[in-house]
Amino acid sequence: MDLVFPVGGFYPCNESSVRLDFKPKITGHLDVMPVYVLSEGAGPGAQVPTDLTRIPIPLIDISADHSNKLVKGKVICKGPLMSLAADDFVLKTVIQEEDSQPDASSQNQSINVVLFGAMAKHFNQAGSQGDVVVASGFTVAKSSTVDEDKLHPCNLLLSGDDACLYVSRLTPLPDPISPLANKRNATLSTEVSRRTKVPKYTYVPLGDLKAGSVVNVYGVVVFFKQPFKSRGTDFCSSLKITDQSNQKIGCTIFCEKLEDHPKIYQIGDIVRMHRVKTQFFNNSITLVNTFGFAVVAFDGAVGGAVEPRTSSRSFHFDQEDRRTVEELRSWAASQTLLPPVCTIPLSAVQPKAYFDLTCQLLAKAPVDTTCTLLRVWDGTRCPRTLLNVMVERDVTEGPSSFSKAKEKLIANVLVYDNHMEFAGQLKPGDFLRIYNLRAIPGSSKVPGLTSSQSEEVDHLAFHLHGGTAYGRGIRVLPENSSEVQELKRALEAFPDNDEDALSDSELLEIWSTPPESLDGDTVECSSERSCSHDMRPVSLSEVKRSDPGGIHHIRVQLRSYKPHRLHQALKLYCSKCTSMLDIPDDEQVAALFSEASRDSGPCSPPPWLLSGWVDIPGDSPGSQNRALSVHLSAQLLSEGKTKELIFLMGSTLEETSRLAAGYHNIVPVKSSDGHLALLDLSAPFLFRGRKRFYGCKRCSEAAVREPSAEGVQVIDEKIVAEALGVQLLQFVLLMKLELQDATDTLNVFLWRDAELFLNVSAEDAAANQEAQKSIHQTMDALCPPGDSKGGRPWLNLCLSAYQAEDDEGRSQTCYQICQTTVTRPRPSSTRSEADPA
DNA sequence: GCTTAGGGTTTG
């Protein structure tokens, strides 16, 4: 058998000048010799066949004929030898096109090669990561793992008599060998140590480290910080590792690129680091990365797959590494020095606890300059009520609301200071682990809280405090990690998903299917008309074709609605001048209060008022109480009604809100030109418990005047407004609904009868969380987030069409839902007695 | 250009 070939032209010239010694491994049948090892630098040339054409890996195509082709590549990953049957094996390896241009598209440069039978066995012994191989006689098959490994969409299959694999070993670069480095595994089997000539990496036990050398180490992670921005040019990772020597060694890794940092997810993970330097700091050895640094991390669970976590394009990993990892795993498992796992689901969160949370990001929004809100879930439900956080409108990334069922599972995480920058790069949908998260019970001092919530103290808030102490930080977990796989299973158990957009096919289905045919599998009608019209329902296309004006009865589904954020639907309406205003946000109002308290000069209150002081307790234990100037009606005082109505001066918005719990009516006042005056009417002119009332700037002639309380049982907002000359603004709800039936879609308003439709008063919705929740529940029932059509109930609506002028003065037809009430699900009735409608 | 950080008794 002549196995010596001349040097072939297809071989790159830098190697063709090398005489290659052909050394068949005579371990199998002599007539089947599929793996040839070509060693550099000795003996007469042994070569691969010259009659074949080389095909670059990216050009491999399933439909082409490969019978006269060969493929050359560098082994970047070598899988384990798998036994299929008694003497049948399979081995998967990944090879990478060697001569690819650095700037060429990196796509499909690497391909899975599957070796069968004796070839797998031979390559397992003869081949190593870093070798250059040439394959011929292969077949091409579709790769089933392309989604996961992102490699070439084809696999090369090497089996049968035609298949050949030539292994060429270049002289590897010398590895920095520390004089102190000694072999970790003295018990290495002779079979393994004999089979390869590639210099092994040597790993120094942590107990043998001496300062002033460059070494390779393995260790179990006992502490870690996610990479954080240093003051220099790099990100910095901090870890502490240990091994069987029980030494705990601190490591500091500086790398500019995040992907070069160790991918550590939890304590107990195992790291292998190449080329770290040892140095003394604080009387102990520490490790710092140095030139050529590389790190690979592994999960620390005993019995789990040994999957290297690295972003290196190639790295050495062999059976010995696998063994080292497994030894460290079982050693660590036998130790009690690892702290207990603090990764817990939301369902197990205890108040005040610090913990690590593995979760999915659903939405995020900036809260203020120090803090970002992350809305996350892990599929479990925390038994405690979770804090609700309001953010400024239109700043939420991701859906701004979810189904009520899903909302119950969502934790609001406030991420502070340095973590904001990282949070800024997160995207809804990302899988995260948040480290050293704090569960804070009854937090009332949270930015963005609504006034109604500040009184409810039993909420759990989640804070990721600033700084990196205790490993505080956030990590995005890769999709294929076991922790994400586990999380996904938990999330998939929850049927709801919140994708608002409908696919084209879903739209087509909606548009082309008559409502009748959908009835069978959809939710039944959930609204009731209370009008007295006697007319048959018409389709939306008929509505659109109708003459302007008039009333229609329709049967429709709610396709979408705006705004999703309730506070944007709430408006202030002046029945006198018909102007509609947004409700000012707390920041604006607070500014008006502080402005008013600044120009409080001396002033003489009107004679019917008596002046005094009211003590405002400090807003935190130990802080100073504040005494504020307060004025009471002499008449009310003489009747002993000291809580009925006070005029309060110099208070902040927050103080006024707090005092409102103790007084029926509070009118904030200021000093203006020596007289008592009301604040600017952009601020509430009256606080009644949780409710705030506003006046119309245009229609009011406001002044501090005495309300006539004679014969009046309860001083309410109408009496106060009338006395003060304030034109009271009504709270109204205004929403834009997109309706659909089989024929068309139609945009309509929900306004004049919004309270009737939603069975909630706007005034309550402005002040009361239950009322807000009820509206969300109703809208979610009518238009389940993420639901295409199946879960959407059909609505019997009464619709009024009318002409209105748009901004340019053109007349257009508008529609409003009227005299209709949602009947299912029955929301908790929160209509107040004082119905402004 | 060759530093950066070097866990820690936990703010909102």
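Hydrogens, waters and symmetry mates are skipped; everything else that's a heavy atom, side chains included, is used. Just so it is clear: chains get the letters A, B, ... in the order the sequence lines come, proteins before strands, and each one is counted from 1.
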All pairs passing side-chain hydrogen bond (donor to acceptor under 3.5 Å, both in side chains) where residues 255-264 of chain A contributes a residue, at least two apart: A:S237-A:H261
task: Write down the distance between NZ (A:K240) and C1' (B:dG6), rounded to a whole number of angstrom.
output: 10 Å
query: Can A:F254 be called stacked on B:dT3 when the rule is centres closer than 5.5 Å and an angle between planes below 30°?
result: no
message: Just the rounded figure in Å: distance from P of B:dT11 to OH of A:Y354.
response: 6 Å
message: What is the separation between atom NE2 on A:H465 and atom C1' on B:dG8, rounded to the nearest whole Å?
response: 15 Å
query: When the distance from CZ of A:F293 to P of B:dT4 is rounded to whole Å, what number comes out?
result: 19 Å
message: Under 4.0 Å, counting only non-hydrogen atoms across every strand here, what does A:G471 touch: a base, just sugar-phosphate, or nothing?
response: nothing
message: Run A:S651 and A:T656 through side chain to side chain donor-acceptor pair (under 3.5 Å) and show every step you take.
response: CA-CA 6 Å; A:S651 62; A:T656 314; 2.8 Å; yes
message: Students often get this wrong, so: under 4.0 angstrom with heavy atoms, is A:E256 touching a base, only sugar-phosphate, or nothing?
response: nothing
statement: Testing B:dG7, B:dT10, B:dT11 for proximity to the side chain of A:S238, the answer is B:dG7
task: Check the distance between B:dA5's C1' and A:Q226's CD and give it to me in whole angstrom.
output: 16 Å
Nearest-neighbour nucleotide for the A:F281 side chain, B:dT4, B:dG12, B:dG6 considered: B:dG6
- prompt: Counting side-chain heavy atoms from CB outward, which of B:dA5, B:dG6, B:dT3 is closest to A:T233?
  reply: B:dT3
task: Would you please determine if the base of B:dG8 is stacked by A:Y470, with stacking meaning a centroid separation under 5.5 angstrom and planes under 30 degrees?
output: no
Rounded distance in Å - CZ (A:R472) to P (B:dG8): 9 Å
task: Please determine, for the side chain of A:T286, which listed nucleotide (B:dT11, B:dG8, B:dG6) has the closest atom?
output: B:dG6
query: Of all the nucleotides listed (B:dG7, B:dT11, B:dA5), which has the minimum atom distance to the side chain of A:F223?
result: B:dG7
task: Assign A:N282 to base, sugar-phosphate, or nothing according to its heavy-atom contacts below 4.0 angstrom with the strands shown.
output: nothing
- prompt: May A:Y416 be described as stacking on the base of B:dT11, applying a 5.5 Å centroid limit and a 30° limit on plane angle?
  reply: no
Spatial distance of atom CE (A:M420) from atom CG (A:L374) [nearest 0.5 Å]: 10.0 Å
task: Have a look at A:K225 and say if it touches a base, only the backbone sugar-phosphate, or nothing, with a 4.0 Å heavy-atom cut-off.
output: sugar-phosphate
message: Between A:R231 and B:dT3, is there a contact of a side-chain N or O with OP1 or OP2 at under 4.0 Å?
response: no
task: Can you sort out the partners of A:P428 under side chain to side chain contact (heavy atoms under 4.5 Å, CB included), two or more places apart, ordered by chain and number?
output: A:E397
statement: Here the distance between atom P of B:dC2 and atom CG of A:N289, to the nearest Å, is 17 Å
field: Rounded interatomic separation in angstrom, taking CD1 from A:I253 and P from B:dG7
entry: 14 Å
is_close_aromatic(A:F298, A:F317), centroid dist under 6.0 Å: yes
message: At 4.0 Å (heavy atoms only), tell me whether A:F235 reaches a base, stays on the sugar-phosphate, or touches nothing.
response: nothing
query: A:F224 vs A:Y435 aromatic rings, parallel, tilted or perpendicular, using cut-offs 30° and 60°?
result: perpendicular
